[in-house]
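All ligand and atom numbering here is 1-based and tracks the order in the structure. From a predicted model like this one, the values you see are computed outputs, not experimental measurements.
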Amino acid sequence: MENASRPPDRPAPRLLAVSKTRDADAVAAMAAAGQRAFGENYVQEALAKIEALRGLGLEWHLIGHLQSNKADDAARAFDWVQTVDRAKLVEALARHRPPSLPPLNVLIQVNIDDEAGKHGCRPDEVDTLAAAIAAQPTLRLRGLMAIPAPDPDMTRRRAAFRAMSALFDATAAHHPGIDTLSMGMSEDCVEAIEEGATMVRVGSALFGARTAREAG
Ligand SMILES: *Cc1c(COP(=O)(O)O)cnc(C)c1O
């Protein structure tokens, strides 16, 4: 382990099982083994699984890009949306989350490598978005999420994780209730945890490789 910088007061990491492209039976098998939290990339694909497995008391996270015109379905069906990156989406999710349900847990997705054409807000936009989320009674700000560039150089990936960790601390200074920093996938979840992740999103290492067609 190289000089890890995980802050000692970070909550222990949780495992999010990424179940995109897996059928409801595969999710049910993982649930029977004790896994509760599952991540999906596409609203339409997720709705059928959420409905089929309703009795199991699972926790569903949307981790794919969310178009505003799907905010209605997402706000009703999911427990968490990890990909909030613009004010318009905050407003749409808040409006569509039924007040009869607990507040929708929300993470702000950050484009930490400043990659052109990639989803996620800029780091300097986090403060404004966090304030907008915190002002909505039907939403609950839980923290930040990132998908750093899949750089083969792990030192550069660690630098992105570390930048996210610093941004998380800066956000927590204004929003002490936040507890979630979602970063790290099958390939780099160990490095992400060492750098401060409190949630890793793992698909292929749990369920096996996806075919290229399914890779999404
Ligand atoms: C698919 C996906 C994952 C999981 O990727 P694996 O490499 O299969 O672990 C994690 N996060 C997001 C946003 C994804 O789209």
Visitor: With a 4.0 Å cut-off, would you call Lys88 and Glu91 a salt bridge?
Guide: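 Salt bridge flag = no for Glu91 with Lys88.
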
Visitor: With atoms numbered from 1 as shown, which atoms in ligand 1 lie under 4.0 angstrom from a non-hydrogen atom of Arg201?
Guide: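 Answer for ligand 1: 4 (C), 9 (O), 10 (C), 11 (N), 12 (C), 13 (C).
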
Visitor: With ring-ring contact (aromatic ring centres under 6.0 Å, His included) as the rule and sequence neighbours excluded, what pairs involving residues 117-175 come up?
Guide: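 Sorted pair list: His65-His119.
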
Visitor: Would you say Gly203 and ligand 1 have an N/O pair spaced under 3.5 Å apart?
Guide: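 Yes, at least one N or O pair falls under 3.5 Å.
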
Visitor: I'd like to check which ligand 1 atoms, numbered from 1 as shown, lie under 4.0 Å from a non-hydrogen atom of Ile147.
Guide: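 Result: 13 (C).
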
Visitor: Run the numbers on Glu125 and Arg86 for salt bridge (charged side-chain N to carboxylate O under 4.0 Å, His left out), then give the verdict.
Guide: CA-CA 9 Å; Glu125 293 172 319; Arg86 57 202 190 278; over 6 Å; no

Visitor: Check ligand 1 against Val202 and write out every atom of the ligand that is under 4.0 Å from a heavy-atom position of the residue.
Guide: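 Numbered from 1, ligand 1 contributes 9 (O).
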
Visitor: Check Arg156, Arg157, Arg158 against Asp188 for a salt bridge (charged side-chain N to carboxylate O under 4.0 Å, His left out) and give me the one that passes.
Guide: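 Result for salt bridge (charged side-chain N to carboxylate O under 4.0 Å, His left out) with Asp188: Arg157.
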
Visitor: Should we say atom CD of Glu187 is surrounded by more than 12 heavy atoms from elsewhere, each under 6.0 Å from it?
Guide: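 Not buried by this count: 12 neighbours or fewer within 6.0 Å.
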
Visitor: Can you find a side-chain donor-acceptor pair between Ser186 and Arg201 that sits under 3.5 Å?
Guide: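 Short answer, no.
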
Visitor: Touching ligand 1 at all, Glu187? Heavy atoms, strictly under 4.0 Å?
Guide: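 Glu187: no contact with ligand 1 (<4.0 Å).
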
Visitor: Should you measure from each heavy atom of Ile63, which atoms of ligand 1 turn up under 4.0 Å away?
Guide: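 Listed by number with element: 11 (N), 12 (C), 13 (C), 14 (C).
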
Visitor: Would you check if Ile147 and Lys118 make a side-chain contact, meaning some heavy-atom pair closer than 4.5 Å?
Guide: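 In short, these two side chains touch, coming nearer than 4.5 Å.
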
Visitor: Of all the atoms in ligand 1, which lie at a distance below 4.0 Å from a heavy atom belonging to Ser204?
Guide: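 Within the 4.0 Å cut-off of Ser204, ligand 1 contributes 6 (P), 7 (O), 8 (O), 9 (O).
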
Visitor: Which of the atoms of ligand 1 are close to Asn41, meaning less than 4.0 Å from one of its heavy atoms?
Guide: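 Result: 14 (C), 15 (O).
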
Visitor: For ligand 1, which atoms sit closer than 4.0 Å to a heavy atom of Lys20?
Guide: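 That gives atoms 1 (C), 2 (C), 3 (C), 14 (C), 15 (O) of ligand 1.
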
